[in-house]
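Below: one structure, written as structure tokens.
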2 protein chains.
Amino acid sequence: MVRKSETSPDPIDAWARLQRASGKVLACVESRLKADGFPPLAWYDILLELRRADGKALRPVDIEKRILLAQYNVSRLIDRLVTAGYVDKRRSPEDGRGVVICLLPEGEQLLKSMWPCYREAVEAEFAADLDKEDLEALWRILGKVLP
Amino acid sequence: MVRKSETSPDPIDAWARLQRASGKVLACVESRLKADGFPPLAWYDILLELRRADGKALRPVDIEKRILLAQYNVSRLIDRLVTAGYVDKRRSPEDGRGVVICLLPEGEQLLKSMWPCYREAVEAEFAADLDKEDLEALWRILGKVLP
DNA sequence: TTTAAATAGATGCATATGCATGAAAAATCA
DNA sequence: TGATTTTTCATGCATATGCATCTATTTAAA
């Protein structure tokens with residue numbers, strides 16, 4: 001059963017294609033990062049959020065809100081980042097339950113050194129096939145889907 | 001540093017949004033399936049490919065080409081499907097190295113029973129925010145990214 | 001204030017994934 | 001043909017993930 005090209009796609013088909021395109025690009029980008037000896041993209045994402053944040057520090061609960069990761073996952077990923085020396089974990093002064101994660105210079109350095117590989121990967125695996133209008137349309141449409 | 005709304009988005013930003021939107025919808029859909037007692041989406045994907053295939057059967061290597069999964073992952077996922085009684089694994093008659101995976105009636109039944117939940121989830125988490133033109137544009141643009 | 005409920009984060013345990021590698025058959029080549 | 005390389009699939013082992021639960025602290029309620 002094949003879609004007729006004049007009809008608009010079934011929502012499920014559009015979604016399936018979104019999943020495939022997204023997954024394919026993600027896999028390729030991750031693969032390039034790993035090939036160059038870099039850690040997974042999730043590390044980059046967290047370090048980037050920290051760099052953007054006020055004082056280059058965030059609480060795990062705030063990282064969780066910005067990133068698409070479950071609480072326990074954030075908790076363990078942070079531990080790995082601490083062990084690797086990219087961030088620092090301190091008790092929160094104003095909330096005894098919580099901690100504060102601080103971006104260390106080593107973490108900023110990692111962001112910088114990953115960036116060229118990351119950028120080139122996205123250009124090659126994703127942006128190379130798209131023009132300005134495509135990127136603009138994707139940006140606009142996908143914005144409607146986000147929370 | 002915030003994008004000016006008149007300029008076109010940086011490719012990386014468009015890609016980041018693609019990842020987020022895709023991941024968010026995927027997580028929500030998986031969550032709904034699980035809440036209704038269904039297996040993960042990957043099971044559905046494989047069973048669906050089998051149903052579409054000639055004779056409702058495929059070799060693992062062909063499943064791998066249609067799905068975004070590594071070889072060892074396909075191999076083990078198939079084992080789970082066999083254990084659960086949804087598919088059948090036989091030695092390939094024409095290729096001594098290979099096996100043939102057959103969709104069983106139980107597997108077709110699972111597809112049918114998952115479909116309403118699956119469809120509703122995608123409608124609610126993804127399509128609800130989009131109109132016909134959006135879906136059409138997504139379909140067209142993302143098609144350029146795929147292999 | 002004392003008690004109850006909610007929030008922040010960590011973790012034990014089961015399951016799933018990634019990686020490297022293995023075995024076995026088929027395809028290619030000399 | 002015999003030797004080499006490729007292809008197909010499986011698996012041992014390390015790591016990562018998901019789930020449920022735990023502790024500690026804060027917030028809200030009685």
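Below, read A as the first sequence line, B as the second, and so on, with proteins coming before strands; counting in each chain starts at 1.
- Under the rule for a side chain to side chain donor-acceptor pair (under 3.5 Å), the partners of B:Lys144 that lie at least two apart in sequence or sit in another chain are A:Asp134.
- Between the base of C:dA8 and the side chain of A:Gln71 there is no donor-acceptor pair shorter than 3.5 Å.
- For the contact set between residues 43-53 of chain B and DNA chain C, defined by any heavy atom under 4.0 Å, there are no members.
- Between A:Leu77 atom CG and C:dA10 atom P the separation is 12 Å, expressed in whole Å.
- Reading DNA chain D from its 5' end, the first and the last nucleotide to sit under 4.0 Å from a heavy atom of chain B are D:dT7 to D:dC19.
- Interatomic distance, CD1 of B:Ile141 versus CG of A:Leu18, reported as 11.5 Å (0.5 Å rounding).
- At a threshold of 4.5 Å between side-chain heavy atoms, the hydrophobic network of Ile, Leu, Val, Met, Phe, Trp and Tyr places A:Val100 and A:Ile46 in two separate groups.
- Against DNA chain C, the stretch residues 79-97 of chain B makes heavy-atom approaches under 4.0 Å through B:Arg80, B:Asp95, B:Gly96, B:Arg97.
- If you check every strand for non-hydrogen atoms under 4.0 Å, A:Arg76 touches a base.
- Position along DNA chain D of the nearest nucleotide to B:Lys65 versus A:Ala70 favours B:Lys65 as the more 5'-ward residue.
- Between B:Glu108 and B:Lys56 there is a salt bridge, with a side-chain nitrogen of the basic residue lying less than 4.0 Å from a carboxylate oxygen of the acidic one.
- Here the closest non-hydrogen pair linking B:Met114 and B:Pro39 is CE-O, 3.5 Å.
- Between B:Pro60 and B:Ile78, some side-chain heavy-atom pair lies under the 4.5 Å cut-off.
- The side-chain hydrogen bond (donor to acceptor under 3.5 Å, both in side chains) analysis of residues 62-74 of chain A, with sequence neighbours excluded, yields no pairs.
- Within the nucleic acid shown, B:Val74 has no heavy atom closer than 4.0 Å to any nucleic acid atom.
- Under the ring-ring contact (aromatic ring centres under 6.0 Å, His included) criterion, B:Tyr44 pairs with B:Tyr118, not counting sequence neighbours.
- Closest of all the heavy-atom pairs between B:Ala124 and B:Ala128 is O-CB, 3.6 Å.
- Using a 4.0 Å cut-off between a side-chain N of Lys or Arg and a carboxylate O of Asp or Glu, B:Lys34 and B:Asp36 do not qualify as a salt bridge.
- In this structure, CG on B:Leu135 lies 5.5 Å from CG on B:Leu130, to the nearest 0.5 angstrom.
- Toward the 5' end of DNA chain C, the nearer of the two residues A:Gly98 and B:Asn73, judged by each one's closest nucleotide, is A:Gly98.
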